[in-house]
**Student:** 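What follows is a single structure, and I will ask about it in a moment.
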Amino acid sequence: MTSQAQLLAQIGTLDAVLEARGFAYGLLVQAFLAEPSRSLIPSLAAVDAANLFPYADQPGPIQQGVAELAAYLSDAGNTTSEAYDRLLWDYTRMFIGPARLQAPPYESAYRTADRLLFQPETLSVREIYRGYGLMSARLGSEPDDHIGLELQFLCETCHMAAEMASADEMVGLDQVLRDQRHFLDEHLLPWAHRFASDIAASAETGFYRAMGQLLSGYLAIDRQILDELLQEGAGPTSSSN
């Protein structure tokens, strides 16, 4: 297994690491937070999103996910109206319904025996969001423990961390990284792998198969990265030091 230090060295400075983390979570948010827009696939293809994903050469889910995403984005046939309809149906069938969900996108669904929603996990993440001045635009209509919202929290706090690093606010940066690690341990990691496995078993499009692999693989690696950043105090990898 690649060491934490080797993983960090692949990207370099602290600023670059934090920006790469924000990009990875941002891409995952686009995949899972809402139904795909008609512009999603063309826009991801235009920026070569697959090859920008961090740690793309890591054996396992990330490498496999990047390869499948790159193949999907490079296929012009996946930009047609018919392809969009398949993509939208894939998202709807797995994550919205109306039939039994193939991969319910809620933490509480995976952490209760009867797959119930609006459970203690929902309120717990809501309070964490509020602690950072964040609130779901779907408050009251969408459980706060939706996978897209949990990923969005990490994405937005990555941007906060990058701003703190640029301003050399290392105490504040340390707290954000600790809160992110706690959030991964207490909320995403206990269920996201099972969610990704359900996607792998039910997805009908290469896009969602790829994003499920990237989700599972990236969360595990990011947990290692957070350990290394906190162990080193984040400073040794900063471009400002």
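All figures in this text were calculated on a predicted structure; none of them were measured in a lab.
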**Student:** Just verifying a value: how many Å separate Ile62 CD1 and Asp57 CG, rounded to the nearest 0.5 Å?
**Tutor:** 9.5 Å

**Student:** If you look at every heavy atom in Leu87 and Pro36, which pair is closest and at what distance?
**Tutor:** CD2-CB, 3.8 Å

**Student:** Run the salt bridge (Lys or Arg N to Asp or Glu O under 4.0 Å) test against Asp90 and tell me which residues pass, sequence neighbours left out.
**Tutor:** Arg93

**Student:** Of all residues at least two apart in sequence or in a different chain, which pass the side chain to side chain donor-acceptor pair (under 3.5 Å) check with Glu163?
**Tutor:** none

**Student:** Do Leu177 and Arg21 have side chains that get closer than 4.5 Å, going by heavy atoms?
**Tutor:** yes

**Student:** Using the six-membered ring wherever Trp is involved, compare the ring planes of Tyr208 and Phe95 and label them parallel, tilted or perpendicular (cut-offs 30° and 60°).
**Tutor:** perpendicular

**Student:** Using every non-hydrogen atom in the two residues, find where Cys158 and Gln180 come nearest and quote the distance to one decimal.
**Tutor:** N-NE2, 3.4 Å

**Student:** Is there a side-chain contact between Leu184 and Leu226 (heavy atoms, below 4.5 Å)?
**Tutor:** yes

**Student:** Among residues at least two apart in sequence or on other chains, which ones pass ring-ring contact (aromatic ring centres under 6.0 Å, His included) with Tyr84?
**Tutor:** none

**Student:** Might you work through the side chain to side chain donor-acceptor pair (under 3.5 Å) test for Thr122 and Asp144, ending with a clear yes or no?
**Tutor:** CA-CA 5 Å; Thr122 310; Asp144 302 71; over 6 Å; no

**Student:** I would like to know whether Gln175 and Asp179 meet side chain to side chain donor-acceptor pair (under 3.5 Å); could you show each step before the answer?
**Tutor:** CA-CA 6 Å; Gln175 186 60 56; Asp179 288 345; 2.9 Å; yes

**Student:** Suppose the criterion is salt bridge (Lys or Arg N to Asp or Glu O under 4.0 Å): which pairs have a residue in residues 64-86, not counting sequence neighbours?
**Tutor:** Glu68-Arg209

**Student:** Do NZ/NE/NH1/NH2 and the carboxylate oxygens of Asp185 and Arg223 come within less than 4.0 Å?
**Tutor:** yes

**Student:** Under 4.5 Å between side-chain heavy atoms, hopping through other hydrophobics if needed: is there a path connecting Leu73 to Leu88?
**Tutor:** no

**Student:** Passes side-chain contact (heavy atoms from CB on, under 4.5 Å), Ile128 versus His187? Steps please.
**Tutor:** CA-CA 11 Å; Ile128 293 171; His187 291 288; 3.6 Å; yes

**Student:** For residues 210-221, which side-chain donor-acceptor pairs fall under 3.5 Å, sequence neighbours excluded?
**Tutor:**
| residue | atom | partner | partner atom | Å |
| --- | --- | --- | --- | --- |
| Gln213 | OE1 | Gly65 | N | 3.4 |
| Ser216 | OG | His193 | ND1 | 3.0 |
| Tyr218 | OH | Asp222 | OD1 | 3.4 |

**Student:** Taking the side chain as every heavy atom from C-beta outward, state whether Ser81 and Arg38 have any atom pair closer than 4.5 Å.
**Tutor:** yes

**Student:** Could you list the donor-acceptor pairs under 3.5 angstrom formed between side-chain atoms of residues 40-49 and any protein atom two or more places apart in sequence or on another chain?
**Tutor:**
| residue | atom | partner | partner atom | Å |
| --- | --- | --- | --- | --- |
| Ser43 | OG | Ser39 | O | 2.9 |
| Ser43 | OG | Leu40 | O | 2.8 |
| Asp48 | OD1 | Asn51 | ND2 | 3.0 |
| Asp48 | OD2 | Asn51 | ND2 | 3.2 |

**Student:** Can you name the residues that form a salt bridge (Lys or Arg N to Asp or Glu O under 4.0 Å) with Glu186, not counting sequence neighbours?
**Tutor:** none

**Student:** For Thr205 and Asn78, run side-chain contact (heavy atoms from CB on, under 4.5 Å): C-alpha distance rounded to whole Å, both residues' side-chain angles, the deciding distance at 0.1 Å, then the answer.
**Tutor:** CA-CA 10 Å; Thr205 60; Asn78 290 323; over 6 Å; no

**Student:** Can you name the side chain to side chain donor-acceptor pair (under 3.5 Å) partners of Thr79, sequence neighbours left out?
**Tutor:** none

**Student:** Ignoring hydrogens, what is the shortest heavy-atom contact between Ser202 and Met94? Give both atom names and the distance.
**Tutor:** OG-SD, 3.5 Å

**Student:** Side-chain heavy atoms nearer than 4.5 Å, only ILVMFWY residues, links allowed to pass through others: does that put Ile147 and Leu189 together?
**Tutor:** yes

**Student:** Contact between Leu69 and Leu27 at the side-chain level, heavy atoms closer than 4.5 Å - yes or no?
**Tutor:** yes

**Student:** Can you list every ring pair (Phe, Tyr, Trp, His ring centres under 6.0 Å) pair that touches residues 162-182, not counting sequence neighbours?
**Tutor:** none

**Student:** Is the backbone N or O of Ser108 less than 3.5 Å from a side-chain atom of Asp145, with the two atoms forming a donor-acceptor pair by type?
**Tutor:** yes

**Student:** Among all residues two or more places apart in sequence or in another chain, which pass the salt bridge (Lys or Arg N to Asp or Glu O under 4.0 Å) test with Arg178?
**Tutor:** Asp174

**Student:** Ignoring hydrogens, what is the shortest heavy-atom contact between Glu150 and Phe183? Give both atom names and the distance.
**Tutor:** O-CE2, 3.6 Å

**Student:** Taking ring pair (Phe, Tyr, Trp, His ring centres under 6.0 Å) as the criterion, tell me which of Phe195, Tyr25, Tyr91 meets it with Phe32.
**Tutor:** Phe195

**Student:** Measure the CG-CZ distance between Leu52 and Phe23 for me, rounded to the nearest 0.5 Å.
**Tutor:** 4.5 Å

**Student:** Cluster partners of Val171, using ILVMFWY side-chain heavy atoms under 4.5 angstrom, listed by chain and number?
**Tutor:** none

**Student:** Going by heavy atoms in the side chains, are Met160 and Leu18 under 4.5 Å from each other?
**Tutor:** no

**Student:** Are any non-hydrogen side-chain atoms of Leu173 and Leu229 less than 4.5 angstrom apart?
**Tutor:** no

**Student:** Just jot down the side-chain contact (heavy atoms from CB on, under 4.5 Å) partners of Ala20, sequence neighbours excluded, or say none.
**Tutor:** Ile11, Pro54

**Student:** Heavy atoms only: give me the nearest Leu33-His146 pair and the separation to one decimal.
**Tutor:** O-CE1, 3.8 Å

**Student:** Under the side-chain contact (heavy atoms from CB on, under 4.5 Å) criterion, do Val176 and Tyr132 qualify, and how do the steps go?
**Tutor:** CA-CA 9 Å; Val176 171; Tyr132 275 85; 3.8 Å; yes

**Student:** Start with the C-alpha distance between Ile225 and Val17, add both sets of side-chain angles, then the distance that settles side-chain contact (heavy atoms from CB on, under 4.5 Å), and finish with yes or no.
**Tutor:** CA-CA 9 Å; Ile225 296 303; Val17 170; 4.0 Å; yes

**Student:** Are any non-hydrogen side-chain atoms of Gln102 and Asp198 less than 4.5 angstrom apart?
**Tutor:** no

**Student:** Any side-chain heavy atom of Tyr129 sitting closer than 4.5 Å to one from Leu149?
**Tutor:** yes

**Student:** Ignoring hydrogens, what is the shortest heavy-atom contact between Trp191 and Arg111? Give both atom names and the distance.
**Tutor:** CB-CG, 4.4 Å

